[in-house]
Every structure is written in structure tokens, then in C-alpha cells.
Amino acid sequence: MPELPEVEVVRRGLARWVSGRKVDEVTVLHQRSVRRHPAGAEDFAKRLQGAVLGQAHRRGKYLWLPLADDLSMVAHLGMSGQFLVRPAGEPAETHLRVRITFADALGTELRFVDQRTFGGLSLHEPVPGDPEGLPYPLAHIARDPIDPAFDDDAFHAALRRKRTTIKRALLDQSLISGVGNIYADEALWRTRLHYERPTAGMTRPRTAELLTHIREVMGDALAAGGTSFDSLYVNVNGESGYFDRSLDAYGREDRPCRRCGTPIRRRPWMNRSSYFCPRCQPVPRAS
DNA sequence: CGTGGCCCCTGATTGC
DNA sequence: TGCAATCAGGGGCCAC
């Protein structure tokens with residue numbers, strides 16, 4: 001389940017192994033993987049053929065590589081997406097969705113593999129005047145907390161304005177990007193905040209503490225090469241990253257809280273799960 | 001318009 | 001043993 005640190009690892013892999021190469025052939029093996037390309041799979045392939053893939057950019061969990069002609073190839077890994085750089089001619093992976101070959105002599109091709117097809121590739125024009133050439137579908141995606149331009153004060157003000165709960169806000173990519181279910185639980189545990197705490201009650205020091213912990217969790221994961229729980233996450237060269245043994249809350253139902261020993265609880269939440277320590281992170285009164 | 005909830009998908013795991 | 005239910009979850013989309 002790639003979160004921001006994993007996606008950043010993929011970005012670096014693309015920058016090293018793919019940027020600057022000229023596309024030869026594009027084969028779309030699953031329509032759903034290009035569903036965000038409005039003009040369809042054939043158009044996607046046609047426009048990409050012959051283009052040189054530019055520098056690899058990231059905003060939150062989105063990746064994009066500008067082409068020479070104003071369009072960018074946008075990628076989202078979703079739940080199970082992987083970019084693999086493989087020797088051309090290697091057998092296709094079971095869930096290979098898009099194959100991109102190159103017009104050079106390096107002998108490798110780029111493969112987008114995605115078991116659950118929540119991810120996908122598409123081509124888009126930039127938001128007019130955006131200095132980074134941010135593609136249109138990403139216009140509403142906020143900066144991530146390890147982006148130097150992330151505005152802590154603006155984030156705090158947005159939390160105060162909202163009438164929602166803290167974990168919902170952390171997963172709202174228009175407020176802060178790159179935080180997924182796992183790292184939200186980890187950061188809330190570190191901050192001793194229950195996931196249903198109203199954002200309107202956040203104080204400035206509390207927000208600052210929360211951001212610090214989010215950055216620590218992400219930084220730790222990035223240093224470890226990304227988090228993984230199974231073989232679904234593989235970086236651009238096919239190597240798994242492992243970080244799960246240092247998780248404090250996520251996936252630890254009934255196991256003792258590393259701070260106080262109280263068994264960690266799991267609660268159904270938004271069709272997924274929230275993990276928390278009932279003692280360190282007490283349920284807010286008004287919920 | 002802001003907020004909350006549903007749903008897309010596949011495979012591993014669990015339960016009967 | 002075999003089949004069905006459950007779970008995993010990013011984020012777009014829609015209803016209220």
C-alpha cells in the first residue's frame with residue numbers, strides 16, 4: 001500500500017531509469033488502467049509514442065513526467081500499482097497493465113503492473129501558469145508535509161475552519177497530501193490523538209506536534225526505503241522495502257501499546273480500519 | 001458548498 | 001474440501 005515515502009522512492013527510480021528516454025511502443029493491456037485518460041487507450045498510446053519522458057515529479061501520491069509538447073504522463077499507484085524496469089523480453093507479469101518500450105539501446109522497458117487496478121496512467125495538460133507544470137487533475141492536491149513549501153499555519157487554519165474529524169482531515173488530499181490510512185494512525189498514536197477528535201478544537205501547538213510526528217513517520221519510512229506489508233509494493237527496480245516492524249499502531253490489534261501496555265484496538269472506519277490505544281488516545285467526549 | 005459515505009478491483013485469509 | 005464472506009484502501013463521485 002504505497003504511501004508518500006514509497007511513492008517518492010518510485011519517483012527517484014523513474015528519474016534514474018526512465019527520465020530522458022524516448023518512447024518507442026506503448027501497449028495498454030487493461031483498459032481500466034488508463035480510465036483517467038479521457039480520450040481512451042488508443043489515444044494514450046498514440047500520443048505517448050515518440051515522446052521523450054521528462055523529469056519525474058511528485059505531488060502527494062501522484063507522479064508525473066512532462067513530455068516535450070505540454071502534456072505530462074500522470075501516474076497514480078493506487079493500492080497495488082508498481083513501476084518495474086525490466087529487460088525487454090522477460091515474461092509478462094500476471095497483472096501487467098501497460099508496457100512502454102524505448103527507442104534506445106539500454107534493453108529495458110517500463111512496466112506498469114497493478115493487481116487491483118485502482119491506479120492508472122493518463123496524459124494531461126498543465127494548469128496554466130503553474131511553475132511546476134502541475135497537471136490538471138492534480139490542481140486540488142495540496143502540498144505534502146515534507147515539501148519545503150508546505151504552509152503549517154495555513155494547514156492549522158484550515159483544520160480550525162473545518163467541521164470534521166482529525167483523521168478525515170489527514171486523508172483529505174486537498175488539505176495535506178501523501179498521508180494514507182497507515183501513517184495517519186501512526187502519527188495520531190504518536191500525538192496521542194483519537195482519530196475522531198474534531199479538527200475545530202485543534203490548538204496551534206497540537207497541530208505543530210501532529211505535523212512533526214507525520215514528518216517523523218514519513219522520514220523514517222523514507223530512510224528505510226518505504227514501507228511494505230507484502231509483495232504488492234515493489235519499487236521501480238522490483239525491490240521490496242520493509243518498515244512494518246517499526247509500526248506502533250497500525251495492524252497491532254490486541255497487542256500491547258508500546259507506551260502503556262494497553263491492548264491496541266481496531267475499529268471499522270470508512271470501510272477500512274482505525275487502530276488506536278484506548279488509554280493514550282481516549283475517545284473524545286462529544287463523539 | 002461542505003461533509004460524509006459508497007464504490008471501483010483482485011487475491012489472501014477466514015469461517016462455516 | 002469447497003464455497004462464500006470478509007478484508008485491504010486511494011480517491012473520485014454523488015447525495016444530502
Side-chain angles (χ1 to χ4, degrees), chain A residues 1-8 10 28-38 58-64 74-83 92-98 112-122 124 135-144 157-188 195-201 214 218 221 226-234 240 243-244 247 249-254 265-275 286-287:
Chain A
M1 336 304 175
E3 296 208 36
L4 183 144
E6 290 84 351
V7 179
E8 173 59 18
V10 172
V28 176
L29 296 113
H30 197 301
Q31 298 292 313
R32 186 171 151 80
S33 295
V34 293
R35 68 191 179 286
R36 299 223 154 76
H37 185 76
R58 182 183 58 75
R59 170 71 65 98
K61 297 175 189 172
Y62 282 90
L63 296 163
W64 79 93
V74 175
H76 197 291
L77 302 177
M79 282 296 299
S80 54
Q82 308 168 6
F83 272 120
E93 291 74 10
T94 304
H95 303 294
L96 177 63
R97 307 305 190 195
V98 181
F112 182 70
V113 177
D114 188 8
Q115 175 201 112
R116 294 179 210 173
T117 66
F118 276 46
L121 309 181
S122 52
H124 297 280
Y136 245 115
L138 283 60
H140 69 290
I141 305 293
R143 292 184 183 276
D144 66 64
L159 288 184
R160 301 277 310 182
R161 232 177 6 248
K162 291 280 179 183
R163 292 294 174 266
T164 188
T165 49
I166 190 63
K167 187 169 171 181
R168 280 182 172 281
L170 289 182
L171 298 187
D172 182 342
Q173 305 290 302
S174 72
L175 295 179
I176 182 170
S177 68
V179 182
N181 195 47
I182 298 167
Y183 294 169
D185 279 2
E186 290 302 300
L188 290 170
Y195 60 96
E196 284 182 326
R197 280 279 287 267
T199 56
I214 291 170
M218 287 183 170
T227 300
S228 180
F229 300 95
D230 52 43
S231 61
L232 282 180
Y233 170 69
V234 181
S240 294
F243 184 66
D244 49 324
L247 294 178
Y250 189 85
R252 298 195 70 245
E253 183 179 20
D254 294 334
R265 286 191 188 155
R266 180 174 75 91
R267 289 283 177 273
W269 185 84
M270 296 270 294
N271 290 329
R272 51 202 78 168
S273 295
S274 278
Y275 295 87
S287 82

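To find a chain, count down the sequence lines: A is the first, B the second, and so on, and within it residues start at 1.
One finds a side-chain N or O of A:His95 lying less than 4.0 angstrom from the OP1 or OP2 phosphate oxygen of B:dG11. At B:dT10, none of the side-chain N or O atoms of A:Arg32 fall inside 4.0 Å of OP1 or OP2 (strictly under the cut-off). For the OP1/OP2 pair of C:dA8 and a distance below 4.0 Å, the side-chain nitrogens and oxygens of A:Arg266 include at least one atom meeting the criterion. When the side-chain nitrogen and oxygen atoms of A:His30 are compared with OP1 and OP2 of B:dC9, none of them lie within a distance under 4.0 Å. A:Tyr62 has a side-chain polar atom (N or O) that falls below the 4.0 Å cut-off from OP1 or OP2 of C:dG12. Remark: A:Arg161 is not in phosphate contact with B:dG2, judged by side-chain N or O atoms under 4.0 Å from OP1 or OP2. Distances shown here put every side-chain N or O of A:Ser273 at or beyond 4.0 Å from the OP1 or OP2 atom of C:dC7.
Of the residues near DNA chain C, A:His140 and A:Phe118, the one whose nearest nucleotide (by heavy atom distance) lies more toward the 5' end is A:Phe118.
Checked by distance alone, A:Arg272 brings a side-chain donor or acceptor within 3.5 Å of a matching partner on the base of C:dG10.
Looking at A:Asp254 and A:Arg266, no side-chain N of the basic residue comes within less than 4.0 Å of a carboxylate O on the acidic one, giving no salt bridge.
Checking C:dG12, B:dT10, B:dG5 against every side-chain atom of A:Gln115, the shortest atom distance belongs to B:dT10. Of the candidates B:dG4, B:dC9, C:dG12, the closest approach to any side-chain atom of A:Thr164 belongs to B:dG4. The side chain of A:Lys162 has B:dT3 as its nearest neighbour among B:dG5, B:dT3, B:dC7.
Just one residue in the list A:Arg58, A:Arg59, A:Lys61 forms a side-chain hydrogen bond (donor to acceptor under 3.5 Å, both in side chains) with A:Asp144, and that residue is A:Arg58.
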